[in-house]
Undergrad: 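Input: one structure, supplied below.
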Amino acid sequence: MGKVKTHRHIGEILHRNGVITKVQLDRAFELQATDPDMSARKFAQILHEQLHVDRDLLMKAIADIFVIKEFKMEAGGLDEQKLREIKEVNRSIPEKMLNAFIELDALPISQQNQKVVILTSDPMNPRITDLANELSANHVELVYCRHDSLLSIIEHVLYKKNNILEQINEIEFEDPDLPGTKEDEIKEEELDAEINQSMLNKLIEGMLVEAVRRGASDAHIIPMGRAMTDIRFRIDGKLQLWHKQEKVKPEALIAVVKDKTRNVDRFERDSSQDGFIQRSIDNVNIRFRVSIMPIVGTEFNRKFESVVIRVLDDRKVITDLNKLGLQTTALDLFRKAINKPSGIVIITGPTGSGKSTSLIAALHHVMDPSKNVLTVEDPTEYIIYGARQLKINSHMSFDQSMRGILRHDPDIVLVGEIRDLATAEIAIKLANTGHLTFSTLHTNDAPSAISRLYKMGVEPFLIANAVNLIMAQRLVRKLCDHCKTEDHDLHAQVARGIGFTDKEIAETTFYKAHELGCEHCNHGYKGRTAIIEALYFTKEIRHLILDAGANVDDEVIREYAIKNGMMTLRASGRERVKEGITSIEEVLSMTVDD
């Protein structure tokens, strides 16, 4: 009973301070009533995970209630002296224990006179104090810190500096093509000599490490000439140069990559190849998917290849729907669609728009040991614990897997992509025979997926009966919280161009990216968030499709859906601008006119 009173008291203070609404307070009490022994932390989780209260705002308010100090990061970040102090503290802590702190969103920052100070974004977690007590301190003080600030400190303090570029730049490479030579083709023994006499192995290993630490989704290795190669990282959706390697043949650099990659032939240079690399980086196992393709160069006697390495970091897998960052209406429709016992949920968008991330989060939300969850993906990117992920190879193709899956007693099925009529028919059949099905499709918006399925050859009545939700998705870059500035020079016509009304323009504070950025970001942006167009299949939408028959018109469906509350991708982007999360320029670059 005492706990319930404490929770009521906490809830009422949060309401008085404007952190939660009266509706959220009453609903939280209703949910809490089902568990009289609920902890304070569980109560906070209800507010965040089920009632969508901002995590940092909530934790800051609760820290104030319990008189827990707040650690505030200065605009320029931590000074060097403070960083050295924190590094010194963590050097004395066993690596296994330090990793345990990080898993709990915590980091020791001071330990002296039998007192340890722990920085945490989750001060309600009792496991942090339990772990801190193992440090042989008589007193433990918790200090609240915003989640993003804590991650920044952990990155600066714990990750070792990757100084491979400094080492590479100190080496004087000799130009491999001497004047007057008539080289028809690169010889393998010459490549071996060049590889063995240089630090190219260290360069490639350093590239893999740096790609992970910088949060890159991909690393590109691109031949730029007879003895020049660019290495670029895709960070927050944009390619940026990491290193330009001169005085080394591109073939030598790519040969090193091939030597480190499984399932590829180093001596094959005329066809595309796919393989993988696995490494332990900062005590975490990371997988890299390698794609190699022949390209045309300026020197036609040379066989240049382009390499793209996808970074598969399981730490980036989102298993909590609330952490997808979906806007409230889209999240509610998404939950409603995936909680149905059958039907298909389709997510559309270009490569790199977060489709797989959303589907994996949806799978984690609905699967449990009582259900047989099967996935058919080519290639398989992330390991989904609790699901049986079918292995695509030369003995079992994607099409064979799709046909076989019907005989494998599934409850829930994830089809990586609807590629053609055969794939579409099996996915639709699964949805219409009592199975919950998830898949992706490449279309520009949600209504267009209906006409795409019809043009593939799927009958309208099957589409109308099978689909629960079609969700179009894009990722827009988030403005850096540390250096974003108000956009006083924004022309009203630009805002009107993406749909802002004059009233909204007057009431909105517009922000822009700082041109140079700061130490926390990449040219004014840090991270990405989703904008969503969610087309939920109501009875009316189903009737529109059935009545249209062979004359399926996605424009008619789009207009009806918008009139009944569907938010388009651009409208979703406008909301992100109003929230101060992104800029008008970013929304313009990722969306088209409604």
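All heavy atoms count here, side chains included; hydrogens, waters and symmetry mates do not. Positions are given from 1, in the same order as the sequence printed here.
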Undergrad: The test is side chain to side chain contact (heavy atoms under 4.5 Å, CB included); show your working for Gln400 and Leu390 and say whether it passes.
TA: CA-CA 11 Å; Gln400 289 172 329; Leu390 305 189; over 6 Å; no
Undergrad: Are the side chain of His442 and the backbone N or O of Gly349 linked by a donor-acceptor pair below 3.5 Å?
TA: yes
Undergrad: Heavy-atom count check: over 12 atoms from other residues, nucleotides or ligands less than 6.0 Å from His523 NE2?
TA: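 No, the 6.0 Å shell around NE2 holds no more than 12 heavy atoms from other groups.
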Undergrad: Would you name the heavy atoms of Leu588 and Arg570 that are closest together and state the gap between them?
TA: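 Where Leu588 meets Arg570 most closely, the heavy atoms are CD2-NH2, 3.7 Å.
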Undergrad: Given 3.5 Å as the limit, does a donor-acceptor pair link the side chain of Glu533 with the main chain of Ala446, or not?
TA: yes
Undergrad: So for atom NZ, which belongs to Lys429, do other residues, nucleotides or ligands contribute more than 12 heavy atoms lying within a distance under 6.0 Å?
TA: no
Undergrad: After noting the C-alpha distance and the side-chain angles of Arg289 and Asp274, does the key distance pass the side chain to side chain contact (heavy atoms under 4.5 Å, CB included) rule?
TA: CA-CA 7 Å; Arg289 193 180 76 219; Asp274 294 297; 5.9 Å; no
Undergrad: In Å and rounded to the nearest 0.5 Å, what is the OH to NE2 distance from Tyr385 to His364?
TA: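 Nearest 0.5 Å value for the OH-NE2 distance: 9.5 Å.
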Undergrad: Sub-3.5 Å donor-acceptor pair from the side chain of Ser439 to the main-chain atoms of Ile346, do we have one?
TA: no
Undergrad: Locate the shortest heavy-atom distance separating Ser583 from Lys512; write the atom from each residue and the value.
TA: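 Distance-wise, the nearest heavy atoms are CB-CA, 4.5 Å.
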Undergrad: We want to know whether Arg27 and Gln24 form a side-chain donor-acceptor pair, criterion being a heavy-atom distance below 3.5 angstrom.
TA: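 No, no side-chain donor-acceptor pair sits under 3.5 Å.
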Undergrad: Let's go through Asp481 and Lys526 carefully: what are the C-alpha distance in whole Å and the side-chain angles of both, what is the deciding distance for salt bridge (charged side-chain N to carboxylate O under 4.0 Å, His left out) to 0.1 Å, and is it a yes or a no?
TA: CA-CA 8 Å; Asp481 290 330; Lys526 179 69 174 176; over 6 Å; no
Undergrad: Please tell me if the side chains of His435 and Thr433 come closer than 4.5 Å, counting only heavy atoms from C-beta onward.
TA: yes
Undergrad: Can you confirm whether the side chains of Asn322 and Arg335 place a donor and an acceptor under 3.5 Å from each other?
TA: yes
Undergrad: So, the side chain of Arg234 versus the backbone of Ser217: is there a donor-acceptor pair under 3.5 Å, distance only?
TA: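 No, the answer is negative, given that no donor and acceptor are paired below the 3.5 Å cut-off.
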Undergrad: Before giving the answer on side chain to side chain contact (heavy atoms under 4.5 Å, CB included), spell out for Asp445 and Thr348 the whole-Å C-alpha distance, their side-chain angles and the decisive distance to 0.1 Å.
TA: CA-CA 7 Å; Asp445 56 25; Thr348 77; 6.0 Å; no
Undergrad: Hey, is NZ on Lys391 packed in by over 12 heavy atoms from elsewhere, all under 6.0 Å?
TA: no
Undergrad: Once rounded to the nearest 0.5 Å, what's the spacing between atom CE of Met471 and atom CG of Leu535?
TA: 12.0 Å
Undergrad: Nearest 0.5 angstrom please: Asp553 CG to Tyr454 OH, how far?
TA: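 The CG atom of Asp553 sits 12.0 Å away from the OH atom of Tyr454.
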Undergrad: Parallel, tilted or perpendicular: which describes the rings of Phe233 and Trp242, with under 30° parallel and over 60° perpendicular?
TA: parallel
Undergrad: Of the non-hydrogen atoms in Ile344 and Ala427, which two are nearest, and what is the gap between them?
TA: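 Closest pair (atom of Ile344, atom of Ala427, distance): CD1-CB, 4.0 Å.
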Undergrad: Can any side-chain N or O of Gln473 pair as donor or acceptor with the backbone N or O of Ala530 at less than 3.5 Å?
TA: no
Undergrad: Keeping the roles fixed (side chain from Asp420, backbone from Met456), state whether a donor-acceptor pair exists under 3.5 Å.
TA: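 Pair absent, no side-chain N/O of Asp420 close to backbone of Met456.
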Undergrad: Are more than 12 heavy atoms from other residues, nucleotides or ligands located less than 6.0 Å from atom CG of Asn444?
TA: no
Undergrad: For a 4.5 angstrom cut-off between non-hydrogen side-chain atoms, does Val212 reach Val311?
TA: yes
Undergrad: Using atom types as modelled and distance alone, determine if a side-chain donor or acceptor of Ser572 lies under 3.5 Å from a backbone N or O of Ile532.
TA: yes
Undergrad: Could you walk me through whether Thr261 and Phe288 pass side chain to side chain contact (heavy atoms under 4.5 Å, CB included), step by step?
TA: CA-CA 9 Å; Thr261 305; Phe288 300 89; over 6 Å; no
Undergrad: Is there side-chain contact between Asp314 and Arg287, with heavy atoms separated by less than 4.5 Å?
TA: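 Yes, at least one pair of side-chain atoms sits under 4.5 Å.
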Undergrad: Do Thr329 and Asp332 pair up side chain to side chain, a donor and an acceptor below 3.5 Å, judged on atom types alone?
TA: no
Undergrad: Hey, are the side chains of Gln327 and Arg576 touching, using non-hydrogen atoms and a 4.5 Å cut-off?
TA: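 Yes - at least one pair of side-chain heavy atoms lies under 4.5 Å apart.
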Undergrad: Would a distance-only check, ignoring hydrogens and angles, find a side-chain to backbone donor-acceptor pair under 3.5 Å from Gln389 to Ile384?
TA: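 Such a contact is found between Gln389 side chain and Ile384 backbone.
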Undergrad: For a 4.5 angstrom cut-off between non-hydrogen side-chain atoms, does Thr591 reach Val476?
TA: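 They are not in side-chain contact.
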Undergrad: Backbone N or O of Arg477 within a donor-acceptor pair of the Thr582 side chain at under 3.5 Å?
TA: yes
Undergrad: Quick one: which of Asp56, Asp54, Asp105, Asp122 gives a salt bridge (charged side-chain N to carboxylate O under 4.0 Å, His left out) with Arg146?
TA: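 That would be Asp56.
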Undergrad: Rounded to the nearest 0.5 Å, what separation is found between the CD1 atom of Ile62 and the CG atom of Leu57?
TA: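 Ile62 CD1 to Leu57 CG: 10.0 Å, rounded to 0.5 Å.
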Undergrad: Do the side chain of Asp313 and the main chain of Arg315 share a donor and acceptor less than 3.5 angstrom apart?
TA: yes
Undergrad: Less than 4.5 Å apart, side chain to side chain, heavy atoms only: is that true for Glu377 and Leu359?
TA: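 Of all side-chain heavy-atom pairs linking Leu359 with Glu377, none is under 4.5 Å.
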Undergrad: Might you confirm whether atom NZ of Lys316 has over 12 heavy atoms from other residues, nucleotides or ligands at distances under 6.0 Å?
TA: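 Enclosed.
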Undergrad: Of all the heavy-atom pairs spanning Cys483 and Cys521, show the shortest one and how long it is.
TA: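 Looking at all heavy atoms of both residues, the closest pair is SG-SG, 3.7 Å.
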Undergrad: Could you tell me the separation between the CG atom of Leu363 and the OG atom of Ser356, rounded to the nearest 0.5 Å?
TA: 10.5 Å
Undergrad: Report the C-alpha separation of Asp236 and Lys478 in whole Å, then their side-chain angles, then the decisive distance to 0.1 Å, and conclude whether the salt bridge (charged side-chain N to carboxylate O under 4.0 Å, His left out) test is met.
TA: CA-CA 9 Å; Asp236 294 337; Lys478 295 165 64 176; over 6 Å; no
Undergrad: Measure the shortest side-chain to side-chain distance between Thr568 and Ile562 over non-hydrogen atoms and say whether it is less than 4.5 angstrom.
TA: yes
Undergrad: Could you report the tightest heavy-atom contact between Leu14 and Ala61, atom names first, then the distance?
TA: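 Where Leu14 meets Ala61 most closely, the heavy atoms are CD2-CB, 3.5 Å.
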Undergrad: Give me the atom names and distance for the closest heavy-atom approach of Asn522 to Gln240.
TA: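 Scanning both residues, the minimum pair turns out to be OD1-OE1, 3.7 Å.
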Undergrad: Please round to the nearest 0.5 Å and tell me the distance separating atom CD of Glu305 and atom CG of Asp270.
TA: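 With rounding to 0.5 Å, CD (Glu305) is 8.0 Å from CG (Asp270).
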Undergrad: I'd like to check Val415 versus Ile405 (side-chain heavy atoms, cut-off strictly below 4.5 Å). Are they in contact?
TA: no
Undergrad: Could you check whether Glu381 pairs with Arg310 (Lys NZ or Arg NE/NH1/NH2 to Asp/Glu carboxylate O, under 4.0 Å)?
TA: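 Salt bridge present between Glu381 and Arg310.
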